[in-house]
Each structure stands twice: as C-alpha cells, then as structure tokens.
Amino acid sequence: MADMYDVVIIGGGPGGYNCAIRAGQLGLKVVCIEYRGKLGGTCLNVGCIPSKALLHASHLFDAAQNEFAGLGIKTGKVELDLTQMMAQKADAVEGLTKGIEFLFKKNKVDYLKGRGKILGPGKVEVELLEGGKQVLETRHIVIATGSEPATLPGIEIDEERIVSNVGALSLKAVPKKLVLIGAGVIGLEMGSVWARLGSEVTVVEYLDRILPPADAEVAKDAERIFKKQGLTFKLGTKVTGVEKTKTKLKVNIEPAKGGDAEALDADVVIVAIGRKPYTEGLGLETVGGKTDKRGVIEVTGHFKVAEGVWAVGDCIPGPMLAHKAEDDGTAVAELIAGKAGHVDYNLVPSVVYTNPEMAWVGKNEEELKAAGIEYVKGKFPFMANSRARTNHETLGFVKILAEKGTDKILGAHMIGTGVGEMIAEVVIAMEFGASSEDIARSSHAHPTLSEAVRQAAMAVEGWAMQM
Ligand code: FAD
Ligand code: NAI
C-alpha cells in the first residue's frame, strides 16, 4: 500500500530542504526526495558553499603574499597546497550536508534518495538510488528541482578542460591560462579564485559591461579594481567556438556587433553564461504544469502550479539565489499549513563574494530612471571610513537611493570589504518601509565599516559629516 503524506517535496536544495524543515515544524507529514545522494542541492554541493570555501582560502593565500608584509607579518615563502585547499572545501560541504540530515531527523522529515516523478495529482513515483520504485500518495506536491548550467551550442562541457561550475570548483591543477565565458557572478567569483592561485584569467562577456544586474556605478568600479587584480576583460565579445587539441584549447571570439575574429589560448575554459531551470523527466504535464520558453515553471501568485502542486526556488521566476529559494520554500510550507506566505523579490539581496565584495538590494539607478521614479542619491566612500582606513581596506563605496519627496529607501548598492554582511541592515530597513533618515539617525558602533552605511544615508539629505 502507498504511503500517505501531507507534502512530498521533489529536490533537496535550499528550496526543498527549507520547505521540508518548516513543514515538519508545522506538524505536517513530509518527505523530501533527492537523487544526488546528498542534501543541499546546487548551493551546498557545487555552488554557494564550495565557491565560498575557495574564495576564502584563496583570499588568505593572496593576502599572505601581498598584504601581510605591510601589516608587519613575515611569513617566508608562501606555497599553495591545492589538494589541501580542495580537502577543506570538501570538509565544509560534507559537514553542512550532514547537518541537514540531522535537521530532517529533528523535525521528523522523511528523506528518500532517488529520482522523483509526478504521476498525476497527489501521486509521485520515486526511482530509488538503491534500486526499485516506490509510489507516494500526498495532499501536496512541492517542486524544488532547481537549475543547471546554460550551455553554448557547439561547446561541449567535459568537466575536465571545458567546465561548468562543477568542474571549475574541482580543477586538479592551477591552469596557466584560464578563459571564462560570462562576466556574471560565477565568472567574477571563479575568475578571482583562480587568478589569486596563479592563473592568467581572461573573461569574455557578450555585453559591453560586467555583471549586468548590478548598479552601473558599482560594476564600473568593480571592473577597474578587478583589472588591477590581473583579470583581463573582453567586453562586447562573443565566443564562436572552442577548438581542442591534445594539450591546449583555442577559444575563437569576435566582437558581438561584428568585426575581426581572434583566438585566445587556454588550458581551461569555464562556461558561466547563466543557469536554466531543471525539470527533465519530472512529469509536470501530468498535473497541467507549464513552462515558458526558458523552461521556467509558470506559477500563479503564490507559487501555485495547479491545485495541490507548488514550485519554489531556481525553477520558478525570480532571482536564482539560495536565500530566495529558502524564502520560497518556507512560504509554501506555511501556505500549505493554512498560514500566510509571501516573498517580496524586490527585497532579496544580492551579494558577489569577490574582494572587495559587492552587495545590493531594491532598485538601482538605471531601473529607477527607466521607471521614471525621482530619487535622491547619498554616497559615501570607504576611503573616508575610519575602520576601513585602519584596516587598509579603503576600496569602494556605499550608495543609498531614496524617493524624492518621501525619503523612502528604494535601493542600496555597495562595493567594499564586508558589504555582504552590511546589506542586511538595509534589507530590514526596507522591509519596515524605512526612510534614509531612519538609518541616518540610528546609532552605529564606532569604528565599524557599517558607519559608511549611516554616512551614505546622511548624504541623501546632504549632511554626511565625515567627508
Ligand atoms: P538546487 O539547489 O539546484 O536544488 C535542486 C535539487 O533537486 C538538486 O539537488 C537536484 O539534484 C534535485 N533534483 C532535481 N530533479 C530531481 C528529481 N526529479 N528528483 C529528485 N531530486 C531532483 N546563491 C546564493 O544565494 N549565494 C551564493 O553565494 C551562491 N553561489 C553560487 C555559486 C555557484 C557556482 C552556483 C552554480 C550557484 C550559486 N548560487 C548562490 C545559486 C544557488 O546555488 C541556487 O540559487 C540555489 O541552489 C537554488 O536552490 P533550489 O533548491 O531551487 O535548487
Ligand atoms: P549570470 O547570469 O550571473 O551571468 C552570466 C553572464 O554571461 C552575463 O553577464 C551574460 O551577459 C553573459 N553571457 C550570456 N551569454 C553569453 C555568451 N554567449 N557569451 C558571453 N557572455 C555571455 O550567470 P552565472 O555567472 O552563470 O551564474 C548563474 C547564477 O548562479 C547567477 O545568476 C546567480 O543567480 C547564481 N550565483 C550566485 C552567486 C552569488 O549569489 N554570489 C554566485 C554564483 C552564482
């Protein structure tokens, strides 16, 4: 006889596992199905966590060589142990994966290792990793199947020399010449890692700027800083193909608007041109579910695919970020339990974990201009922040945009050390509909980098006192 559940969740990434934990907390009988063999999805296994482990370690490697002496710390020759760097990354991933299994047990969430397929309303078949099949019956199905890397026609990913995020996080040696296709988040983060470890990095980007979703002023400053760090950008350029010889790769490029072709030599090519939802073999059609041209599952209002079928995370519209997937998953569990559940995508922050970091929330200047919304801008450079100067980390700025007339905060855009943590302050302020003056009049500890946020807020009304 089939098991009867309140909720069957397909996919154990941040969307799925957080939905499962919250459903368990709310007393629902819930099972999460994951075929990877490990929980945590893209984020934990081949995304957020391993990339941050390498960003952190490679940053310290770089600092030990280029910054420690200036701080009065002598090290002798600093050497790279890539095997150990990869091992500590694997260790972080392993520990966190196990942590989710523990949280499942704590919240009475069942966990099935296998591939989930919807058979129709209230029915999910699981092809178990250990062999055999099981059919589950349920009141609700939650699709949390995430995304996979987008590919370029004619460029075949082998995960050895032409790699996606998966191979990029596990290269066996530091490539002498590395070409990244796409100057988006992965391009900049992975480009930073391998440049710090010694690669000659070229980033090829189709558009004439880096990091399209970021505020243009932030992106421009970042481009200048990354060039100084040794990254080469080929903007407004398209890749037409990659030729493989036994030992080398030849990346053929030409201007996006047409012009003379050229070729770049590479040992490794990372393809990072975005991600697409993953819904292969899911049986979406059996419940009347639809996808758009890009494969994004269509949902009405609050995550609804059909009666009793919901979808969350990277496979539905909205930013493809782990905390967005987490918020979606939590909201759906609450909706199923009869509570309210809503996520405001305008208030989902973005962070790029380079050095310096970039972080933003709400609307940027280009978006406000396009929407015809009048705004006032307050900007404060880290060069004028006492803690940044003390730490010799003076790159970047904080910019706050507030509505003209009401002073309501519409967006915040930052580049600088630690801004990935600082953005949370503005997210909360915006959740409460705060004005820039609310931040400007709130006490911020001294000396902290976050004083720059306060000064930028003061600058909106023209009274920043430290510049
Ligand atoms: P996923 O994490 O993709 O999880 C979906 C899971 O479903 C997968 O484990 C998959 O195996 C499983 N699955 C799919 N189909 C089935 C099926 N039929 N049956 C059973 N299981 C199935 N976001 C951030 O917020 N911060 C970061 O720093 C960050 N860094 C990133 C770095 C990289 C290199 C990459 C690639 C992504 C990064 N992201 C980051 C994005 C983040 O990883 C995703 O937004 C997030 O993982 C989406 O969560 P999800 O649950 O929707 O999907
Ligand atoms: P992305 O969407 O961030 O960037 C892709 C870039 O590739 C864009 O600049 C785009 O213009 C460019 N591009 C597209 N087609 C191209 C082509 N044919 N030739 C050259 N350039 C081309 O995608 P990315 O970097 O692959 O990352 C995928 C997603 O994963 C991100 O959008 C983000 O949602 C998530 N992510 C989040 C991180 C974070 O939060 N820190 C870190 C890494 C990934």
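Note that ligands are numbered from 1 as they come in the structure, with each ligand's atoms numbered from 1 the same way.
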Practice task
Determine yes or no for a side-chain-to-main-chain donor-acceptor pair under 3.5 angstrom, with S199 supplying the side chain and V201 the backbone.
Solution key: no

Practice task
Answer with yes or no whether G114 contacts ligand 1, where contact means a heavy atom under 4.0 Å from a ligand atom.
Solution key: yes

Exercise for the section: Using the ring of Y206 (Phe, Tyr or Trp, six-membered ring only), decide whether K238 places NZ or CZ under 6.0 Å from its centre and within 45 degrees of its axis. Expected result: no

Handout entry: Residue selection (non-hydrogen contact nearest atom 35 (C) of ligand 1) among G47, G116, A168, G318
Key = G47

Fill in the blank from the handout: Closest to atom 39 (N) of ligand 1 among protein heavy atoms sits C48 SG, 3.7 Å

Exercise for the section: Of the side chain and backbone of R275, name the one, both, or neither that has a heavy atom under 4.0 Å from an atom of ligand 1. Expected result: side chain

Handout entry: Those atoms of ligand 2 less than 4.0 Å from some heavy atom in L207
Key = 11 (O)

Exercise for the section: Indicate, as side chain, backbone, both or neither, the part of I186 found under 4.0 angstrom from ligand 1 when only non-hydrogen atoms are considered. Expected result: side chain

Practice task
May I ask you to check if ligand 1 and A322 share an N or O to N or O distance below 3.5 Å?
Solution key: yes

Problem - Set of residues satisfying side-chain hydrogen bond (donor to acceptor under 3.5 Å, both in side chains) with respect to R224, sequence neighbours excluded - result: D221

Handout entry: Part of K52 with heavy atoms under 4.0 Å of ligand 1, whether side chain, backbone, both or neither
Key = side chain

Practice task
Would you kindly specify which portion of E189 sits under 4.0 Å from ligand 2, judged on non-hydrogen atoms: side chain, backbone, both or neither?
Solution key: side chain

Practice task
Give the numbers and elements of all ligand 2 atoms closer than 4.0 Å to a heavy atom of A272.
Solution key: 5 (C), 6 (C), 7 (O), 24 (P), 25 (O), 26 (O)

Handout entry: N-O pairing of K363 and E366 below 4.0 Å
Key = no

